[in-house]
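Side-chain atoms are counted along with the backbone in the values below, which use heavy atoms only and exclude waters and symmetry mates. This is a predicted model, so every value here is computed, not measured.
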Amino acid sequence: MKLSSACLRIAITSSAVLSVLGHGSLIYPASLELIATPCRGECAETVTAAFDGYNAHWFTTGTAPGCNATGENPKGKWAFCEELMEPTLKSIDQISFPKFYFDGDCEGDYPARYNEPAVVHYKNDTKECVKDMEYRQAEVDKGNISASVYSGNPWFLPGTAPVVDSCGVLGGWKYKNARDYIAGPGSDFYDWEDNTGLGINFHMPPRYMDPPAGTLGSTVLSWTVNTRMQDAQGKSAAAYPIIWTAGEIVEGAYNVAANHGGGHQYRLCPVENLDNNTLDESCFQSTVMEFANDKSAFIAMSDEGTVSVNITFDAIDIDDGNTDGVMPKGSTWRKIGIPACAGLSGGLQGTCTRGPQFTDHAPPGYYGYGSSNSDPLWNGPDLAAVHSWKVVDELKVPEGLSGDYVVSWRWDCEQTAQVWTQCAIVTIVDPENMLGDSDSGGNDNDDDKCETLETWTVFIPNDEAIESSGELLGSLSNDAITNILMFHAVAGKVLSSDDLKCTEKVQMFNGDSSRTKCNNDAMYQNGAGNDQLDNSAQIIQTDIKFCNGVAHVVDGVMIPNGAIP
């Protein structure tokens with residue numbers, strides 16, 4: 001027997017537009033508070049309004065395909081290391097910075113700490129800079145993208161550059177000295193101070209930040225999971241706030257406050273892998289979420305909180321079919337949907353005077369590099385209407401998944417030797433397989449499957465109950481529907497009819513409790529919102545047993561308290 005998805009369909013809520021500050025931020029599913037805003041309270045009071053206090057700064061810096069991650073900046077050359085791998089991208093439309101050189105760029109006298117003049121990479125030899133940059137730009141214009149000054153950075157071999165942690169490192173690396181977070185260790189800081197080197201975070205980590213700089217994102221997740229267990233005090237912890245249903249289409253969303261170009265993926269790994277230290281790239285690469293279609297949406301909000309821009313545009317997807325290979329094999333990446341400004345710096349610090357890097361497969365008119373300040377949009381037809389924004393992709397939740405999963409958003413940068421990774425936790429429910437198949441026939445494979453499934457007790461409304469409640473359910477919000485559906489399941493326990501004691505409470509999957517009530521020979525399961533016995537759902541069939549659970553059929557829909565306005 002399989003559960004009807006009409007009975008236990010988990011509704012998906014639209015993600016809100018959030019102005020999360022950070023070079024690259026996972027907007028939906030929402031990150032944990034300690035990941036999104038590690039600088040809070042006393043920490044936030046110590047930083048200036050123009051500085052975001054390391055909020056959403058989770059990445060690995062000093063990394064490239066074929067190289068060991070070091071946390072350092074390149075010195076005097078474009079390539080990060082000597083053992084670079086040959087790019088697998090093939091066409092100019094797959095890269096984000098096709099226009100990186102213009103006449104005069106090798107003579108720039110603006111500070112390297114903010115605008116990266118090309119001559120820095122040639123030890124201030126202007127003639128050599130002009131000669132090489134002109135050659136490289138001409139080759140890229142002809143379609144030879146391997147000649148790009150950025151061809152040694154992560155995006156040119158998607159998914160290949162190593163990372164320290166699949167959920168990022170706060171500040172990009174675990175440095176020994178707070179000063180190193182500005183531009184890197186050793187001479188990197190002095191090069192940056194002398195305007196001959198590049199920056200990383202541009203600021204030391206502020207005092208009182210919690211967690212501190214250098215913390216691994218997986219460490220924050222582990223702390224959160226353990227705290228939830230402890231707070232449950234012996235009971236099963238409730239589902240995470242974001243509920244996905246296996247096989248359905250959901251939203252993923254991101255924004256960038258420093259547009260380094262490149263592309264991104266969404267991946268999944270079970271929360272349980274935190275316990276054995278295998279929440280790593282191998283795990284996430286085994287379950288990459290597919291894009292549901294070839295479209296993305298650019299959505300922005302005004303400072304009044306209303307949607308001011310909603311543009312659907314064609315996305316550029318990158319896979320084994322249009323490249324010489326991506327990692328993991330068979331997966332799909334998607335190019336960052338917002339163009340930076342034409343030129344080497346991409347428009348950093350207001351130097352956007354040459355238009356966008358590209359115009360195809362992007363929301364018309366919106367482009368720029370970004371900033372660490374409160375407004376991440378820089379050019380567009382109506383900037384006054386834009387306060388915060390996101391790029392939204394529709395994703396497929398893989399079939400057959402059930403339980404708590406970590407979602408890792410990985411952004412492989414093109415302009416920098418960086419990979420940004422940020423994580424959230426979701427609960428995935430599989431209505432078709434919440435209970436194992438009772439007709440296993442002694443099949444060993446089915447027995448093995450049952451051993452890996454979570455145990456459940458499910459109260460299933462019959463068809464008449466669903467039909468009679470249709471008008472009421474249709475008037476409720478997605479959040480209310482999700483709450484009601486989760487109120488029909490008990491996670492981690494198998495409760496037969498003998499276990500259901502009259503007047504005793506049962507903790508449901510949404511964290512609330514229902515109460516078993518009896519009247520003569522009839523037994524009811526009473527939701528907090530079913531204020532009268534007559535409104536309660538009567539249990540009309542009991543003990544439908546499965547290898548990992550039991551189901552009881554009820555003749556009504558159980559309503560948790562507060563679900564109906």
Side-chain angles (χ1 to χ4, degrees), residues 24 63-66 84-98 139-148 150-163 166 246-254 260-269 281-298 312-339 357-363 391-401 407-415 419-421:
T63 183
L84 287 172
M85 300 170 66
E86 187 68 22
T88 57
L89 297 186
K90 286 184 175 181
S91 60
I92 197 168
D93 64 333
Q94 295 174 337
I95 63 176
S96 302
F97 280 77
E139 286 294 301
V140 171
D141 290 343
K142 292 186 293 186
N144 176 19
I145 63 171
S146 296
S148 169
Y150 298 127
S151 62
N153 287 338
W155 176 237
F156 280 79
L157 289 91
T160 307
V163 297
S166 294
E248 292 197 330
I249 295 174
V250 297
E251 288 183 353
Y254 68 90
H260 300 312
H264 65 105
Q265 260 188 354
Y266 298 85
R267 305 92 52 80
L268 297 169
C269 181
E281 285 301 282
S282 176
C283 180
F284 283 113
Q285 288 172 355
S286 68
T287 312
V288 175
M289 300 185 73
E290 297 179 17
F291 295 101
N293 51 49
D294 61 357
K295 306 291 184 182
S296 293
F298 172 75
T312 298
F313 61 95
D314 294 333
I316 284 284
D317 286 344
I318 313 295
D319 54 36
D320 291 334
N322 56 15
T323 69
D324 288 329
V326 299
M327 180 69 72
K329 182 178 176 61
S331 68
T332 300
W333 290 75
R334 178 161 288 183
K335 183 177 170 181
I336 292 292
I338 304 295
Q357 283 279 1
F358 57 90
T359 55
D360 291 339
H361 305 281
V391 174
V392 179
D393 301 302
E394 291 190 340
L395 310 168
K396 297 178 182 178
V397 181
E399 299 277 359
L401 300 187
V407 181
S408 170
W409 177 72
R410 172 167 169 154
W411 168 28
D412 280 19
C413 295
E414 178 176 333
Q415 188 195 31
V419 173
W420 290 72
T421 45

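Looking at heavy atoms from C-beta onward, F284 lies out of side-chain contact with R410 at the 4.5 angstrom threshold. Two residues are said to be in side-chain contact when any heavy atoms from C-beta on lie closer than 4.5 Å; I318 and T332 fail this criterion. Residues D93 and D360 are not in side-chain contact: their nearest non-hydrogen atoms beyond the backbone lie 4.5 Å or more apart. Using a 4.5 Å heavy-atom cutoff, the side chains of P398 and T287 are in contact. Here the side chains of F358 and I95 are not in contact, with every heavy-atom distance at 4.5 Å or above. Using a 4.5 Å heavy-atom threshold, the side chains of M289 and V250 count as touching. Here the side chains of P158 and T88 are in contact, with some heavy-atom distance below 4.5 Å.
To the nearest 0.5 Å, the span separating CD on E394 from CG on D294 amounts to 11.0 Å. From K295, atom NZ reaches atom CG of D314 across 3.5 Å, with rounding to the nearest 0.5 Å. Atom OG of residue S296 and atom CD1 of residue I336 lie 9.5 Å apart, to the nearest 0.5 angstrom. Between the NZ atom of K335 and the CG atom of D412 there is a distance of 14.5 Å, given to the nearest 0.5 Å. Atom OH of Y266 and atom OG of S408 lie 11.0 Å apart (nearest 0.5 Å). Here the straight-line distance linking atom OG1 of T323 with atom CZ of F156 works out to 13.0 Å at 0.5 Å rounding.
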Test side-chain hydrogen bond (donor to acceptor under 3.5 Å, both in side chains) applied to Q265 and S331, step by step: CA-CA 9 Å; Q265 260 188 354; S331 68; 2.9 Å; yes
Go through Q415 and N153 one step at a time and tell me if the side chain to side chain contact (heavy atoms under 4.5 Å, CB included) criterion holds. CA-CA 7 Å; Q415 188 195 31; N153 287 338; 5.5 Å; no
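Looking at every heavy atom in both residues, V140 comes nearest to P98 through CG1-O, 3.8 Å. For A315 against R334, the heavy-atom pair with the smallest separation is CB-NE, 3.4 Å. Taking every heavy atom of both residues into account, W420 and H260 meet most closely at NE1-CD2, 4.2 Å. Closest approach of P87 to S151, counting heavy atoms only: CG-O, 3.8 Å. Minimum heavy-atom separation, A64 to P162: O-CD, 3.5 Å. When all heavy atoms are compared, the tightest approach of N293 to D317 is O-OD2, 4.3 Å.
Side-chain atoms of D320 come within 3.5 Å of backbone atoms of G330 as a donor-acceptor pair (strictly under, hydrogens ignored). At distances below 3.5 Å, at least one donor-acceptor pair connects side-chain atoms of E414 with backbone N or O atoms of F97. The backbone N or O of A161 sits nowhere less than 3.5 Å from a side-chain atom of T63 that would complete a donor-acceptor pair. One N or O on the side chain of W333 and one on the backbone of M327 form a donor-acceptor pair closer than 3.5 Å.
Under the 6.0 Å cut-off for aromatic ring centres, Y254 and W409 qualify, their centroids lying closer than that.
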